[in-house]
Structures are given as C-alpha cells and as structure tokens.
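One structure coming up, written as structure tokens, with questions to follow.
Reckoned from all heavy atoms, side chains included, excluding hydrogens, waters and symmetry mates. So you know, we letter chains A, B, ... as the sequences are listed, proteins then strands, and number each from 1.
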Amino acid sequence: MLDIKVLRENPDAARAGAIKKHMPERAAAVDRALALDQELRAMTPRIDAMRSEQKAAGKQLGKLSAEEREAFLQQQKQLKAELQVLEDEERELRRKLHEELSLVPNLPDEEVPEGKDDSENTEIRKVGEIREFGFEPRAHYDLGEAQGWLDFGRAAEMAGSRNYILLGDMVLLHDAILRFAVDLLVERGFTPIDPPLLVRDAAMFGTGFFPGGEEQTYRCEKDGLNLIGTAEVPVTSLHSGEILKESDLPKKYVARTACFRREAGTYGKDTRGLYRVHQFQKVEQVIVDVADRERSLAHHRAIVRNAEDLLQACELPYRVVNVCGGDLGVPQAMKYDIETWMPSRQSYSETHSASRFYDYQARRLNLRYRPEKGKPLFCHTLNNTVAASPRILIPLIENHQNEDGTVRVPECLRRYLGGREVLGRPVF
RNA sequence: GGUGGGAUGGCCGAGCGGCUGAAGGCACCGGUUUUGAAAACCGGCGAGGUUUGCGCCUCCGGGGGUUCGAAUCCCUCUCCCACCGCCA
C-alpha cells in the first residue's frame, strides 16, 4: 500500500505507475482514492469540533442549576444525533478509502523497463556457456521417465494435470539441491525458518497477493485459510503488527516450504514436464530492514548474488533480466528474474525472482521499526528464490546429461548424495 | 467437537461510568554519581490524524448499544489461551 500522502502530492506518478504496469483499472483507483480522501478531509475538522464540544460539555454539567440542566441535556442529545450521522459517514469513507488505496499498485522504479509482458524484459547479464552436446540431448521428461525417475501418467490419474511423481534418485537430487540452497544461505547469515503453509487472508493481503491473486490460490474455504504460493507470504508476515527495534534489523530468513499454485488461466501453456506444476518445494530468502533505499538496493544485489552463486555452483548457464512494467506484480517496485538455460525449451526460462518492495508490503502488514530518532517507520522488505524444485531439476538434469542417459552430479551437490558423481544407469 | 478464560502503551501489567491517554514495573533516552562500567538517584518516554505554530481530534482487539458522559455496563464479531474429547 502506498502512503496516501504520496497520492496527494504526486497523483500523476501513482497513475503513471499503474499504467507502466499495464493495470489501467488500478490506475483508476488512484482517482477514486483521492476523491474519497478529499471528502474525508473536508468533513474531519467539523467532526473534530463537534466532539470537542461534546467533551467539554460533559465537564460543565455539574455546575448547572436544575432548569439549565434540562435544556442542556436536550441540546446534548441533538448534538449526539448529528455527530452519529457524521461518524457513520466518516467510517464508511475510511473503509472505502482503504479499499481503493489497497488497489493502487506500488510505484515501479525508474529503472524498470517499459513493456507489456515477459518478452520485453531486458537482459542485464548472461553467465555461463551453453553446452554443445555431441549428441541429441533429451528433454527431462523423456530422460526422467526412461530412468524411472518421473511418472506423470499416474500423477495425473490421481491428482489431475500439472502434477508429477518423483522417484528414486530424482527424489534425492530434489532434496539435495534444496538442502544445498538452505545451507548456502545459512552460511551467509540467514536464519532458517519453517513457517505455516496455510495462512489467513491477512497474510495474503499484507504481502499484496490479495486482492487480485485469489484465482491463483488454493483456498480451504471451510477454515478460511489459504495455501501459500510462496514462503514470502508467511515469512514477510512474520512480524506483522510489530514495532521492531532498529538494532534487531535486518531480519534475514531462509525458508524451505511447499508451495501451491492453481495456475488458472495457463491452459495449454507449458503442459509437459516439470516446468509448470501445482505443487513444488521452494527455498526462499526474505529480508526485512530499515526504510533506506540504498540499503534496499544493496540487499537486492545481495539476494540476486546468492541465487547466482547457487547456479554457478551447479554449473548452470543463466541470465539475469530486469522485469518490465507489464510483467511486474502489484506490490513490487522492481524485480530481477533469473532465467536458467533449459535445453528442452531451447531458452532461458525463469527459475528465480528477486523483488524489492520498499515499504509497500510493510505498510499493508503494519510492520514497523523504531529508528534511533523519531517516530516508528515502515520497514522495507525484499525476497528472492534460492532454489525452486522440481523446476530447477529441468536444467540440472538436462544440462548435465550424458549420451547414455546418466546424469553428472555437479560437485556442490555430491555431499548430499553420498558422494555420488553420476545418477542413473545407461538407458539409451 | 465440547466448556471456560482473556484481548489495555515497545514489553509486562493495574484500572471505581466522569478527575484516565491511562497507575506500577521493565526496556529505552538524557542527567547526577563513578577511573570506567554496573548499581543507585533525578528527569524524559505510546500511536495516528490535522495545523506554519500554540493547539485540537482519534485510539484501551473490530462493530453496535445503554448514558449528558464508556477502557470501565450490555450485545455481537474477530483473535488468543486453557481444559476435556478425537486424531496425526
């Protein structure tokens, strides 16, 4: 959520921000919010004065004579009735204002490129060599099924499309990459955390997924709970409603959780294999720190670096892209995606997403800290993937496959696989 | 699923229907003392809105009611906790 003051002072920027994000209907919320704000500000002084009068009146009551008293009470009754009408109005206006303000997207940073969708993201850097295979490389689903590592048929049978079953060494590899990701971040000072996967609406709202993301979310209606699509939701919400000590910041967390996404509206897209699935495991890094733009930028560089280091350790070629306005979500100010080379897709495809929000989420979450001097301020928040699996298994097994269908294990993962250097048997 | 108890400032915690934005403690900040630190003592210290400023207004989980007047009484919702039952 943006500060209403930002809207007052610079409504054009708020509108332009929503337009840059290709969210015209949300740009309209800027004007609705401002209209409500103006109405509210017009009535507030009047209500204040009436309340002030009421308060003062009560204190004089005792000094009055019996006759005076009666007229006085009559007068107070009337004041109260009038006040009540105005207060109802005020409350309703406040509610509507909050609703509209919640719809206004975070301002995209200047450096966010113009563009309507991911095809217009701009490349920041490309790292690693794309491997020249001396043979026809196989897609992970062909290779995996041949090895008995993947079973999509039975998964679909019992759970529907976009589901998968990992078996044998693929389970171990899946676990290895996730554990490696956690260890890497713990080594860098992040606190591991294992949060709830089912959360209340407040957490979904606070992180900016609601309103808007309901269709992407599995919901347990009976209990009013939502399955998280990312650990960002519970972890960023962790200190919601608190005023943290500045000396306790930054808070740096690394969470490994299951994630659930309905993938509504993606029919026919990425239907094969492990790329787009309803359920996966993700190691996520989340940072909460003081409201300082420079520090947010530094954290952003650091969390991107963490992910890049993991990919480099896994010997995977990737590129970093600056996500354009149209591909940016409602709460983000800026986002770098990391795309890892996937031979079967013949493309760099998204495996990581590093976002910064400034105080947008913190304001919605009522997440503050007490600075050395002055009033409490809203924190800044950031997050990035460290590793999401099984998606990361695609580049891992495709890029490291051998002609016979076995897969070379990169050095960094061997310790998690009993020292094994190769997975699978020759099957081709 | 059943039955109770609770929700007050950064934290803990008191609070008779008006004198309570709220005792007390802790934490924090400033000072005295000390070679330094601790302790002790003195002082300060909630959040939000509005105003150039003085100030004014709001806030004791949310909403409603009773009352001239509610943190305090009543209703309701949300949340938390405890115990019993069931179960991983």
I'd like to know if D270(A) pairs up with R162(A) as an ion pair, taking the criterion as any Lys NZ or Arg NE/NH1/NH2 lying under 4.0 Å from an Asp or Glu carboxylate oxygen.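 Salt bridge flag = no for R162(A) with D270(A).
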Pick one: which of L185(A), V182(A), L184(A), V386(A) meets side chain to side chain contact (heavy atoms under 4.5 Å, CB included) with F190(A)? L185(A)
Within the 4.0 Å heavy-atom criterion, would you say K245(A) contacts the bases, only the backbone, or no part of the nucleic acid?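 Answer is nothing: K245(A) stays at 4.0 Å or more from every strand.
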For R8(A), report the nucleic acid contact type (base, sugar-phosphate, nothing); a contact means any heavy atom under 4.0 Å. sugar-phosphate
Partner of G18(B) under the Watson-Crick or G-U wobble criteria, both distances under 3.5 Å, comes out as C68(B)
Spacing of the P atoms in A14(B) and G25(B) (rounded, Å): 15 Å
Mind checking whether Q281(A) and H174(A) have side chains closer than 4.5 Å, heavy atoms only?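 They are in contact (side-chain heavy atoms under 4.5 Å apart), so the answer is yes.
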Can you tell me the base-pairing partner of A40(B)? Count Watson-Crick or G-U wobble geometry only, both distances below 3.5 Å, and say none if there is no partner.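 In the structure as shown, A40(B) has U32(B) as its Watson-Crick or wobble partner.
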In terms of side-chain geometry, is the basic nitrogen of R219(A) or D201(A) positioned less than 4.0 Å from the acidic oxygen of its partner?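 A salt bridge is present here (some side-chain N lies under 4.0 Å from a carboxylate O).
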Taking atom P in both G6(B) and C45(B), what distance in whole Å separates the two?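 One P to the other, the span is 33 Å.
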Give me the distances for all protein-to-nucleotides 10-12 of chain B N/O pairs that come in under 3.5 Å?
{"unit_1": "G10(B)", "atom_1": "O4'", "unit_2": "R370(A)", "atom_2": "NH2", "d": "3.3"}

Remember a base hit wins even if backbone is also touched, and classify R94(A) as base, sugar-phosphate or nothing at under 4.0 Å, heavy atoms.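 Since no nucleic acid heavy atom lies under 4.0 Å of R94(A), the category is nothing.
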Hey, does the side chain of D109(A) reach the backbone of E111(A) with a donor-acceptor pair shorter than 3.5 angstrom? no
Who pairs with U78(B) - Watson-Crick or G-U, where each distance is under 3.5 Å: A7(B)
Between U8(B) and C59(B), how many Å separate the two C1' atoms, rounded to a whole number? 11 Å
Before accepting this row, confirm whether a basic side-chain N of the pair E89(A)/R95(A) lies closer than 4.0 Å to the acidic partner's carboxylate O. no
Strand partner of A88(B), provided both Watson-Crick or wobble distances fall under 3.5 Å: none
